[in-house]
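Structure record follows, encoded as structure tokens.
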Amino acid sequence: AHGELMFFQTDDSVVPMLKGWLGVVLILVAMIQILPCIIVKTKQRKKQVHMVFGYLLLLFLIAQTLFGVYATLSGA
């Protein structure tokens with residue numbers, strides 16, 4: 001808060017850091033999921049690409065939720 005550099009301490013929990021990076025990946029995958037509608041021309045291919053990104057997004061959301069529950073229960 002005073003302009004000091006923040007460093008990762010060895011006694012800090014890794015869970016909040018992983019949860020933060022996973023959140024960034026979630027946002028990117030959600031934004032990328034829109035691209036097939038714009039770029040891909042055939043309807044069948046759009047559906048396939050959209051399904052792959054949808055399932056990937058679902059996996060990341062589950063992981064994000066589990067990290068959040070773990071961080072809450074462990075007090076991280």
Side-chain angles (χ1 to χ4, degrees):
H2 301 286
E4 299 170 356
L5 294 175
M6 300 292 289
F7 294 101
F8 183 71
Q9 302 293 325
T10 56
D11 59 342
D12 287 346
S13 175
V14 177
V15 173
M17 183 178 68
L18 289 175
K19 193 171 181 311
W21 279 111
L22 191 58
V24 171
V25 170
L26 271 169
I27 291 169
L28 290 175
V29 170
M31 290 183 346
I32 288 173
Q33 192 174 13
I34 297 170
L35 290 179
C37 297
I38 300 168
I39 296 172
V40 180
K41 299 298 179 198
T42 63
K43 187 174 183 177
Q44 181 64 26
R45 185 72 178 144
K46 279 183 191 180
K47 184 177 178 182
Q48 290 173 345
V49 173
H50 190 73
M51 282 181 57
V52 168
F53 279 110
Y55 284 120
L56 188 63
L57 189 60
L58 177 65
L59 290 175
F60 283 135
L61 283 170
I62 291 170
Q64 178 80 345
T65 303
L66 292 175
F67 275 131
V69 169
Y70 176 78
T72 301
L73 295 178
S74 69

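Below, all heavy atoms of this structure are taken into account, side chains as well, without hydrogens, waters or symmetry copies.
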Same apolar cluster (I L V M F W Y, side chains within < 4.5 Å links), Met31/Val24: yes

Reported CG-to-CG distance for the pair Leu22 and Leu61, which is rounded to 0.5 angstrom: 8.5 Å

Interatomic spacing from CE in Met51 to CG in Leu58 - rounded to 0.5 Å: 12.0 Å

Under the side-chain contact (heavy atoms from CB on, under 4.5 Å) test, residues paired with Leu56 that sit two or more places apart: Val29, Phe53, Phe60

Review item, side-chain donor-acceptor pairs of residues 34-47, under 3.5 Å, at least two apart:
{"from": "Thr42", "atom 1": "OG1", "to": "Arg45", "atom 2": "N", "distance (Å)": "3.4"}
{"from": "Arg45", "atom 1": "NH1", "to": "Gln48", "atom 2": "OE1", "distance (Å)": "3.4"}

